[in-house]
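Notes follow the structure.
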Amino acid sequence: NAGVTQTPKFQVLKTGQSMTLQCAQDMNHEYMSWYRQDPGMGLRLIHYSVGAGITDQGEVPNGYNVSRSTTEDFPLRLLSAAPSQTSVYFCASRERTGRGQETQYFGPGTRLLVL
Amino acid sequence: GQQVMQIPQYQHVQEGEDFTTYCNSSTTLSNIQWYKQRPGGHPVFLIQLVKSGEVKKQKRLTFQFGEAKKNSSLHITATQTTDVGTYFCAGRTTDSWGKFQFGAGTQVVVTP
């Protein structure tokens with residue numbers, strides 16, 4: 001299993017440009033999420049999905065869109081990039097075993113710089 | 001809304017010493033998780049606690065969930081250079097199973 005994969009690893013955008021961060025998992029997890037990580041602020045939830053066709057907003061959703069057409073893929077779209085969106089973005093997927101274990105598996109991250 | 005606070009923000013430890021990092025929530029949690037992130041890496045799941053007063057150990061790491069399920073701690077004994085990284089707690093409430101709130105993390109530096 002590759003686990004959770006993210007592309008690209010690095011990206012530089014100009015203000016106003018749009019782009020899509022890709023995330024895929026091969027563990028058949030129903031739950032997937034996107035976080036952004038900024039210095040001193042931990043990880044903040046952007047959007048999450050509890051299954052194909054179902055998405056919901058997290059803590060900081062403004063400026064981002066998501067969709068979940070398949071179990072495997074959960075892309076994050078930046079509609080019009082702003083310097084405030086400079087961050088490291090992590091995708092995560094989560095299993096939920098019968099005993100309530102909710103282990104989250106994180107991808108390697110995408111480092112985004114918006115000029 | 002739910003707030004998860006972690007202290008200290010930084011922890012400078014001499015190799016061989018013990019230290020503890022604390023996680024406090026403004027609301028009662030259904031479970032709490034701990035993650036470790038090495039410099040330049042991604043968060044890696046360490047453990048999950050769900051029961052009031054629960055204590056779990058992983059070699060030199062001891063995790064505890066408070067009786068009121070509003071706080072947790074991670075204690076590391078005999079710190080090694082491999083313990084370098086940032087430790088995050090993440091909690092969720094019963095009615096928010098889709099959302100884990102992360103603390104800001106404790107960055108641990110180990111001096112040989």
Side-chain angles (χ1 to χ4, degrees), chain A residues 2-6 9-10 21 23 25 27 29-51 54-61 66 68 74 87-111, chain B residues 1-11 21-26 29-52 54 56 58 63 65 69 85-107:
Chain A
V4 181
T5 58
Q6 290 184 239
K9 290 186 179 180
F10 305 97
L21 280 63
C23 174
Q25 53 95 5
M27 297 174 283
H29 290 169
E30 290 187 340
Y31 179 89
M32 297 184 74
S33 55
W34 276 101
Y35 294 89
R36 60 175 290 173
Q37 185 174 34
D38 302 294
M41 300 189 72
L43 293 102
R44 291 184 292 170
L45 183 64
I46 304 172
H47 285 285
Y48 66 98
S49 168
V50 299
I54 306 170
T55 64
D56 204 351
Q57 295 182 350
E59 187 182 351
V60 288
V66 292
R68 184 96 179 269
F74 191 43
S87 188
V88 181
Y89 291 85
F90 289 102
C91 177
S93 74
R94 192 171 96 197
E95 63 182 0
R96 190 170 188 180
T97 68
R99 295 178 62 185
Q101 184 65 39
E102 299 176 26
T103 305
Q104 286 199 89
Y105 298 87
F106 282 82
T110 294
R111 296 180 181 276
Chain B
Q2 178 189 346
Q3 296 284 335
V4 175
M5 308 293 290
Q6 261 186 275
I7 53 171
Q9 188 176 4
Y10 299 100
Q11 182 75 56
T21 176
Y22 300 90
C23 182
N24 297 297
S25 171
S26 58
L29 301 171
S30 64
N31 66 38
I32 194 160
Q33 299 180 341
W34 285 89
Y35 292 80
K36 177 182 178 182
Q37 183 178 25
R38 295 184 183 274
H42 59 276
V44 175
F45 176 86
L46 293 176
I47 209 154
Q48 174 177 292
L49 305 169
V50 296
K51 298 177 182 176
S52 170
E54 188 172 14
K56 288 187 177 181
Q58 288 182 351
F63 304 84
F65 203 7
K69 300 184 75 174
T86 301
Y87 294 82
F88 294 97
C89 64
R92 74 165 183 86
T93 56
T94 303
D95 58 353
S96 65
W97 85 271
K99 302 180 182 181
F100 273 89
Q101 180 90 28
F102 276 77
T106 293
Q107 184 178 347

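Just the heavy atoms: all of them, side chains too, but no hydrogens, waters or symmetry mates, feed the values below. Proteins get letters first, then strands, A, B, ... in listed order; numbering begins at 1 in each.
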### Heavy-atom proximity to chain A below 4.5 Å, by part of Gln107(B)
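No part of it gets close to chain A.
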### Task
Applying side-chain contact (heavy atoms from CB on, under 4.5 Å), name anything that partners Ser49(A), two or more places apart in sequence or on another chain.
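Scan of Ser49(A) (side-chain contact (heavy atoms from CB on, under 4.5 Å), adjacent residues dropped) gives Thr55(A), Arg68(A), Phe74(A).
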### Message
For Tyr89(A), give me all partners under ring-ring contact (aromatic ring centres under 6.0 Å, His included), at least two apart in sequence or on another chain.
### Response
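For Tyr89(A), the residues satisfying ring-ring contact (aromatic ring centres under 6.0 Å, His included) (neighbours in sequence not counted) are Tyr64(A).
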### Message
Is Gln57(A) in contact with chain B via its backbone, its side chain, both, or neither, using a 4.5 Å heavy-atom distance?
### Response
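It is the backbone, since no side chain atom gets that close.
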### Query
Which answer fits Arg44(A), side chain, backbone, both or neither, if we ask what part of it has an atom under 4.5 Å from a heavy atom of chain B?
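Contact with chain B involves no heavy atom of Arg44(A) at all.
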### Query
Relative to the ring of Tyr35(B), is the ring of Phe106(A) parallel (under 30°), tilted (30 to 60°) or perpendicular (over 60°)?
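It falls in the perpendicular class, over 60°.
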### Task
For the residue pair Phe63(B) and Glu54(B), establish whether any side-chain heavy-atom pair is separated by less than 4.5 Å.
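No; the side chains remain at least 4.5 Å from each other.
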